[in-house]
Student: 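What follows is a single structure, and I will ask about it in a moment.
For ligands, and for the atoms within them, numbers begin at 1 and follow the listed sequence.
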Amino acid sequence: MHAMVLEELHGPLVWRELPDREPGPGEVRVRIGACAVCRTDLHVIDGELPDPRVPIIPGHEIVGRVEAIGSGVEDLAIGQRVGIPWLGYSCGVCAYCRNGQENLCDHPLFTGYTRDGGYATATIADARYAFPLADGGTDVELAPLLCAGLIGWRSLVMAGDGLRLGLYGFGAAAHIVAQVAKWQGRSVYAFTRPGDAASQAFARTLGAVWADGSDQMPPEPLDAAIIFATAGELVPQALKALRKGGRVVCAGVHMSDIPSFAYDLLWEERQIVSVANLTRQDGIDFLRLAPDIGIVTHTTTYPLERANEALGDLRHGRFEGAAVLVP
Ligand SMILES: [Zn+2]
Ligand SMILES: [Zn+2]
């Protein structure tokens, strides 16, 4: 197999030829068709997540086909198309796992962060975290659903049922969530970097009823806001945009410090919550609905060996939607 490997923090990734590994018990080897690039990959590469591990193959939005099956795997078949997400393993015995909160597992492994991921031609996955995918859509189109879509879905559920939904940071996740929210009959208010007319126009094409800079107030108070951007100062900004009893959901794995703010912003039962990882049930729920919703992912593809260029373009906001690596 070939892979783009993070050998030292801060990169760049290096093209390497590696031996194909055989799947262990409960694992499968997947021949990769596409792997989307997530902002979290930048946090991994920049060493911004705790206990970074190198060398590591980044990438946790993988679509591919099962090509080898380890012992004890019964519900996947050779040739079957699967998607592999960020949470790549949970222990199954800790209090969180036993309580239906495997997303908070005490001993997890994360794809592309603490176990090798999808910037490669093949990967080994825990079969429990290889979600069967339906036939519709290409590998490239489906790859962004595996994190941007899944974490977006969990965030949307966490935001509650309110009809007026704000999305701060209109990148890969928001462009999917906007479509889901619209399908659910909600109104989407898109907040971008101030002056980013291109992202605001992009948001409107996906059905946002309003789009403006994150320093602006929406025309009416929001029921909930999801923050996909990594800037902590957006938390008080989003609180200001909420109605009484509204909720701010922080969806990122990393965020800069949140500045202090007046208690008045939180008063009247406004809430701030974070979303961490995903459960297999999130995957089942979202991937079952996705074909009905008719989500259209906007992708920019790069050959696998140009992963560094894709990451640079993501860092500098040079495309709308999601970047996808193709081996
Ligand atoms: Zn991600
Ligand atoms: Zn656990």
Side-chain angles (χ1 to χ4, degrees), residues 6 26 32 34-46 48-50 52 56-63 83-120 123 125-126 128-129 131 140 142-156 158 167 169-177 226-230 249-255 274-283 286-287 290 295 297 299-300 307 310-311 313-315 319 321-325:
L6 179 69
I32 295 172
C35 181
V37 177
C38 177
R39 185 160 294 277
T40 301
D41 301 342
L42 291 177
H43 300 314
V44 169
I45 290 163
D46 293 344
E48 290 174 320
L49 304 187
I56 193 83
I57 302 170
H60 58 267
E61 304 186 79
I62 305 168
V63 175
I84 301 163
W86 167 245
L87 182 57
Y89 168 87
S90 56
C91 77
V93 295
C94 75
Y96 296 103
C97 281
R98 282 185 278 117
N99 195 30
Q101 292 177 293
E102 63 196 15
N103 60 307
L104 302 178
C105 175
D106 280 334
H107 307 284
L109 289 175
F110 297 106
T111 312
Y113 167 35
T114 56
R115 70 182 289 159
D116 280 334
Y119 288 18
T123 193
D126 182 327
R128 299 172 303 157
Y129 287 93
F131 301 132
V140 167
L142 295 185
L145 300 185
L146 269 300
C147 181
L150 262 173
I151 302 287
W153 169 257
R154 187 171 176 86
S155 307
L156 188 58
M158 196 80 94
L167 301 178
F170 208 86
H175 102 281
I176 294 172
V177 171
I226 305 174
I227 302 180
F228 292 111
T230 57
V249 179
C250 301
V253 65
H254 176 80
M255 189 180 247
S274 69
V275 162
N277 314 319
L278 65 135
T279 64
R280 278 170 282 174
Q281 193 60 47
D282 293 327
F286 175 65
L287 294 171
I295 295 168
T297 53
T299 56
T300 304
L311 290 160
D313 288 350
L314 172 62
R315 198 185 287 282
F319 54 79
V324 180
L325 302 178

Student: Say whether, by atom type as modelled, one donor and one acceptor occur between the side chain of Ser274 and the main chain of Cys250 under 3.5 angstrom.
Tutor: no
Student: Could you work out, with side-chain contact (heavy atoms from CB on, under 4.5 Å) as the rule, every residue matching Leu49, not counting sequence neighbours?
Tutor: Thr40, His43, Val44, Trp86, Tyr113, Val253, His254
Student: Regarding Tyr129 and Ser90, do their side chains bring together a donor and an acceptor under 3.5 Å, going by distance alone?
Tutor: yes
Student: May I ask you to determine how many protein N/O/S atoms are under 2.8 Å from the Zn ion (ligand 1)?
Tutor: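 Of the protein's nitrogen, oxygen and sulfur atoms, 3 lie under 2.8 Å from the Zn ion (ligand 1).
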Student: Which residue, Thr297, Val63, Thr300, Val324, forms the side chain to side chain contact (heavy atoms under 4.5 Å, CB included) with Val140?
Tutor: Val324
Student: Determine yes or no for a side-chain-to-main-chain donor-acceptor pair under 3.5 angstrom, with Arg115 supplying the side chain and Phe110 the backbone.
Tutor: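 Side chain of Arg115 to backbone of Phe110: no pair is present.
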Student: Please confirm whether the backbone N or O of Thr279 pairs with a side-chain atom of Asp282, one donor and one acceptor, at under 3.5 Å?
Tutor: yes
Student: Under the rule for salt bridge (Lys or Arg N to Asp or Glu O under 4.0 Å), what residues qualify as partners of Asp46, not counting sequence neighbours?
Tutor: Arg315
Student: Can you count the protein N, O or S atoms that lie less than 2.8 Å from the Zn ion (ligand 2)?
Tutor: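 Excluding waters, the total comes to 4.
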Student: Rounded to the nearest 0.5 Å, what separates atom CG in Leu287 from atom CG in Leu150?
Tutor: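 Separation between the atoms: 5.5 Å.
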Student: Say whether, by atom type as modelled, one donor and one acceptor occur between the side chain of Asn99 and the main chain of Gln101 under 3.5 angstrom.
Tutor: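 Flag not set: sc Asn99 to bb Gln101 has no pair under 3.5 Å.
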